[in-house]
Amino acid sequence: MAARGEQFDLVMSTAVLMHLDDAQRRQALPNIAARIAPGGLLIMTLRHGPVPPGRRMLEIDAEAIIEPARKLGMSLVFNQDGASRGAENRAAGVTWTTLAFRSPRDEARNAG
C-alpha cells in the first residue's frame, strides 16, 4: 500500500496502537495518516486496563494520539470512552476509547 501511495476513505485501527511503544507510535501515526484520502476518516480503538498474561500491551492515553494526529492536520471528530463489551473484560476493568479523525481536504493539506 505505502509503496503504491494508495489512500482510502476509511481506515480502521482496532486494538492496535496499545501494542506499540511511544517511538513506534510516533513512526506509525504519520504512515497511517498518509493512507487516508482527503476528507477521509481514521477510526481507532484504544484498550485500557489489565494486561492478559503473556500479552504485550502498553497503557495509552488518548491525548498521546490526539495531539500528534492534530499536528498531522487531522481533526478529532469523535472521542468516547466506554466499558468493554465482553463480560470477562468488563469484570476485569477493561475499558475502551474510540477516536475518529477526519483528514484535511487537499486544499488544507497544501496550505500548510
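If you read the sequence from its start, that first residue is 1, and numbering goes on from there. Below, each value reflects all heavy atoms present in this structure, side chains not excepted, and no hydrogens, waters or symmetry copies.
Taking each heavy atom of Leu46 and Ala62 in turn, the nearest pair found is CD1-CA, 3.9 Å. The minimum heavy-atom distance linking Leu20 with Leu58 is given by the pair O-CD1, 3.4 Å. In terms of heavy-atom proximity, Pro50 sits nearest to Ala92 at CG-O, 3.2 Å. Residue Thr98 comes nearest to Ile43 through the heavy atom pair CG2-CG2, 4.4 Å, listed as atom of the first residue, atom of the second, then distance. Across Pro52 and Met57, no two heavy atoms sit closer than the pair CD-CE, 3.8 Å. Closest non-hydrogen pair, Arg35 versus Glu6, comes out as NE-O, 2.9 Å.
Between the side chain of Glu67 and the backbone N or O of Ala64, no donor-acceptor pair lies under 3.5 Å. Between the Gln80 side chain and the Leu99 main chain, no donor and acceptor come within less than 3.5 Å of each other. Using a distance-only test at 3.5 Å, with no hydrogens or angles considered, a donor-acceptor pair links the side chain of His19 to the main chain of Arg56.
Within a 6.0 Å sphere centred on CG of Asp9, other residues, nucleotides and ligands contribute 12 heavy atoms or fewer. For Glu63, the CD atom counts as densely surrounded, since its 6.0 Å shell holds more than 12 non-hydrogen atoms of other residues, nucleotides or ligands. Atom CZ of Arg85 sits in a sparse spot, with 12 or fewer heavy atoms from other residues, nucleotides or ligands closer than 6.0 Å.
In this structure, Leu41 CG and Phe8 CZ are separated by 14.5 Å, a value rounded to the nearest 0.5 Å. Atom CZ of residue Phe78 and atom CE of residue Met44 lie 13.5 Å apart, to the nearest 0.5 angstrom. To the nearest 0.5 Å, the span separating CZ on Arg90 from OG1 on Thr95 amounts to 12.5 Å. Interatomic distance, CD1 of Ile65 versus CG of Asn79, reported as 11.5 Å (0.5 Å rounding). Note that the CZ atom of Arg102 and the CG atom of Leu76 stand 12.0 Å from one another [nearest 0.5 Å]. In this structure, Met74 CE and Leu29 CG are separated by 8.0 Å, a value rounded to the nearest 0.5 Å.
Contact annotation: the side chain of Arg47 approaches that of Val94 to within less than 4.5 Å [non-hydrogen atoms, C-beta and beyond].
Under the 4.5 Å side-chain heavy-atom criterion for ILVMFWY residues, a single connected hydrophobic cluster contains both Val51 and Leu17.
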